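Heads up, the thing below is written out as structure tokens.
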Amino acid sequence: MIPTADEYFRKIHQTLALLDANNIRIFRSMKKHGPRNLQLIARDTGIPYPTVFARVSRLEKGGGIFHAWVNPNHAKIGLSRALVLVNPTPGKDLLAREALKIPGYWIRIIRSMGECNGYYSIHAVPTGNTREFEQYLEQFVPLGLASNVRVYWMDEQNSTISNFDYYDPEKGKWRFEWNDWLSTLSDDSTRHGKVAPPENRSSAIASFDKKDLIILKELNKDARIKLADFARMFKITLPAAKYRFDRIKEKGLISEYVIDLVPYSPVISDMYEVRLDFKTESQMLAKRTILNKMPFILHHSLIRGINSITTRVYLPRGEMNNLITLLSTLVRRGVLNNYTSLWLDPMTTTSQTFSYEYWQDGKGWQYDNRDYNEQLQNMLSTPEKALKDLVAFQPMSIETML
């Protein structure tokens, strides 16, 4: 049932009202210590434990304003992250989307507009099969599925929470200090950062088994899942479940805890993927620290092989022109070589966890390009059959109704 405009705005007011001073302290502590140990968060924030527990419970029921989950360390489990941009051939957009799913190692697919009018997708592919994955995608153009396909290999994602230093919880308002950000990013003293040593991906892989991956998969869905749930899942004791969980942390299989927040009203905000191209690696590393402090940056990843960062931006629509002005000025001042932006439609997001089901203990990750190519050819030979249940229009949005 589609909500009325009054119901919709009332819900937004209720969720944004949860961004009060105490909840902000809880969010920051969760990002620092993880969202699982509420006793530790209570000590860190000085808020009584019963209050922390009640507030977190309310947040989790707050209509999507808050969600905590784990990002796996993909390199540690033998996977490499890829960002794929596909411009489908007119009329073939649904086929192109389904073709992206065939290898199975996809994580997120979103319809995009801008530099890529088609699909933005994230994949976590077995590191030993990255070239085969590229070869699979390279078929899209000669097969008529797409006019252009690009693949960027990325380091692990680095997430942040909105910088509440720019938020007034009493007024419920954010400040966007574009002139200050421009000055800081243009400052010559932040032109260079320490260059990290190259990652040794072969030695980075940890020891793990299928049960470890299943636990990691569940944490990927909900970082606050209880250890008792793992005990029931594997029919083991609670101490054994805790041992498993602790070992996963010790092995470094958890890259980060992600604290997803909705800092601005979705009615007036948009989501973008913005790529920033720098002249040097040291300059890129210096500037990303500043980017993480901006309240509209949700996360970023370094792109391998080029001096570029891809960032997820969530921004009130009225501020987008200011962001473009900022980036354009940084190009003129020589801080950036270039930038590109994609508008992402969150209503079209299709997502799943990393493809733990393709791991076999003793054999490793299962990847078979011949099978994927055969599936692709079968789909293209009977496109109408393949698309039979895929053509669907979204329900009317609240913006359309107003």
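The structure presented is a predicted model; accordingly, all values stated were derived computationally and were not measured.
- Annotation: side chain to side chain contact (heavy atoms under 4.5 Å, CB included) contacts of Glu357 (sequence neighbours excluded): Ser355.
- Checked against the 6.0 Å centroid threshold, Phe208 and Trp359 count as a close aromatic pair.
- Listed for the Trp106 side chain is no donor-acceptor partner under 3.5 Å among the backbone atoms of Phe354.
- Proximity of a side-chain donor or acceptor of Thr89 to a complementary backbone N or O of Ala146 within less than 3.5 Å is detected.
- For Phe296 and Trp181, the gap between ring centers is short of 6.0 Å.
- Without hydrogens or angle criteria, Ser186 side chain to Ser183 main chain gives no donor-acceptor distance under 3.5 Å.
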Review item, side-chain donor-acceptor pairs of residues 228-241, under 3.5 Å, at least two apart:
from, atom 1, to, atom 2, distance (Å)
Asp229, OD1, Arg232, NH2, 2.3
Asp229, OD2, Lys226, N, 3.4
Thr237, OG1, Ala240, N, 3.2

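- Scanning both residues, Arg150 and Cys116, for their nearest heavy atoms gives NH2-CB, 4.0 Å.
- Side chain of Thr184 to backbone of Asp180: a donor-acceptor contact under 3.5 angstrom is found.
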Exercise for the section: Report the C-alpha separation of Phe164 and Trp174 in whole Å, then their side-chain angles, then the decisive distance to 0.1 Å, and conclude whether the ring-ring contact (aromatic ring centres under 6.0 Å, His included) test is met. Expected result: CA-CA 8 Å; Phe164 287 101; Trp174 289 88; 5.3 Å; yes

Problem - Asp246/Lys242 under salt bridge (Lys or Arg N to Asp or Glu O under 4.0 Å): CA gap, chis, key distance, verdict - result: CA-CA 6 Å; Asp246 289 342; Lys242 184 178 185 307; 2.7 Å; yes

Problem - Candidate pair Asn129 and Trp365, rule side chain to side chain donor-acceptor pair (under 3.5 Å), full reasoning - result: CA-CA 9 Å; Asn129 302 105; Trp365 293 105; over 6 Å; no

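- Using a cutoff of 4.0 Å between basic side-chain nitrogens and carboxylate oxygens, Asp361 and Lys211 are not scored as salt-bridged.
- Side chain of Thr160 to main chain of His299: no donor-acceptor pair is present (N/O by atom type, distance under 3.5 Å, no hydrogens or angles).
- The backbone N or O of Ile254 sits nowhere less than 3.5 Å from a side-chain atom of Glu256 that would complete a donor-acceptor pair.
- Across all their heavy atoms, Ser159 and Gln157 have their closest contact at OG-NE2, 2.9 Å.
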Practice task
Carefully, step by step, assess Arg370 and Asn373 under the rule side chain to side chain donor-acceptor pair (under 3.5 Å).
Solution key: CA-CA 5 Å; Arg370 285 183 295 182; Asn373 292 338; over 6 Å; no

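- Between Asp277 atom CG and Asn307 atom CG the span is 9.0 Å, to the nearest 0.5 Å.
- Side-chain contact between Ile41 and Arg36 is absent, with no heavy atoms from C-beta onward closer than 4.5 Å.
- Closest non-hydrogen pair, Ile110 versus Asp345, comes out as CG2-O, 3.3 Å.
- In this structure, Asp270 and Leu344 have side chains that are not in contact, with every pair of non-hydrogen atoms separated by 4.5 Å or more.
- Arg81 contributes no side-chain N or O that, together with a main-chain N or O of Ala124, makes up a donor-acceptor pair within less than 3.5 Å.
- Between Arg244 and Asp209 there is a salt bridge, since a side-chain N of the basic residue sits under 4.0 Å from a carboxylate O of the acidic one.
- With contacts defined as side-chain heavy-atom distances shorter than 4.5 Å, the pair Val56/Met30 qualifies.
- By the side-chain hydrogen bond (donor to acceptor under 3.5 Å, both in side chains) test, Ser29 pairs with Asp44, sequence neighbours left out.
- Side chains of Ile259 and Pro35 form a contact here, defined as non-hydrogen atoms less than 4.5 Å apart.
- Residues Tyr264 and Ile268 fail the side-chain proximity criterion, which asks for heavy atoms closer than 4.5 Å.
- With Ser162 contributing its side chain and Pro295 its backbone, the two residues share a donor-acceptor pair below 3.5 Å.
- Under the rule for a side-chain hydrogen bond (donor to acceptor under 3.5 Å, both in side chains), the partners of Glu319 that lie at least two apart in sequence or sit in another chain are Trp178, Asn322.
- By the 4.5 Å heavy-atom criterion applied to side chains, Thr353 and Lys221 are counted as neighbours.
- We find that Glu138 and Arg131 are joined by a salt bridge, their nearest charged nitrogen and carboxylate oxygen being less than 4.0 Å apart.
- Side-chain contact between Lys251 and Lys76 is absent, with no heavy atoms from C-beta onward closer than 4.5 Å.
- Between the side chain of His74 and the main chain of Pro72, a donor-acceptor pair closer than 3.5 Å is present.
- In this structure, Glu156 and Ser301 approach most closely via the heavy-atom pair O-OG, 4.1 Å.
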Practice task
Verify side chain to side chain donor-acceptor pair (under 3.5 Å) between Trp153 and Glu134, making sure each step is shown before the conclusion.
Solution key: CA-CA 10 Å; Trp153 295 101; Glu134 291 175 341; 2.7 Å; yes

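- Taking OH of Tyr152 as the start and OG of Ser308 as the end, the distance is 8.0 Å to the nearest 0.5 Å.
- A salt bridge links Asp165 and Arg28; the closest N-O separation between the charged side-chain nitrogens and carboxylate oxygens is under 4.0 Å.
- When every heavy atom of Gly104 is checked against every heavy atom of Gln352, the shortest pair comes out as O-NE2, 3.2 Å.
- Checked against Tyr119 for a side-chain contact (heavy atoms from CB on, under 4.5 Å), the options Asp93, Val149, Leu85 give a single hit: Asp93.
- With sequence neighbours excluded, the residues that form a side chain to side chain contact (heavy atoms under 4.5 Å, CB included) with Lys173 are Lys171.
- Taking 4.5 Å as the limit, every side-chain heavy atom of His300 sits out of range of all side-chain heavy atoms of Thr310.
- The two residues Leu261 and Ile161 have their closest heavy-atom pair at CD1-CB, 4.3 Å.
- Ring pair His123/Phe133 is tilted by interplanar angle, where 30° to 60° counts as tilted.
- Taking the six-membered ring wherever Trp is involved, the centroid distance between the rings of Tyr358 and Tyr105 falls below 6.0 Å.
- Contacts of Arg108 classified as salt bridge (charged side-chain N to carboxylate O under 4.0 Å, His left out), with partners at least two apart in sequence or in another chain: none.
- Thr348 places a side-chain N or O within 3.5 Å of a backbone atom of Arg111 that can act as its donor or acceptor partner.
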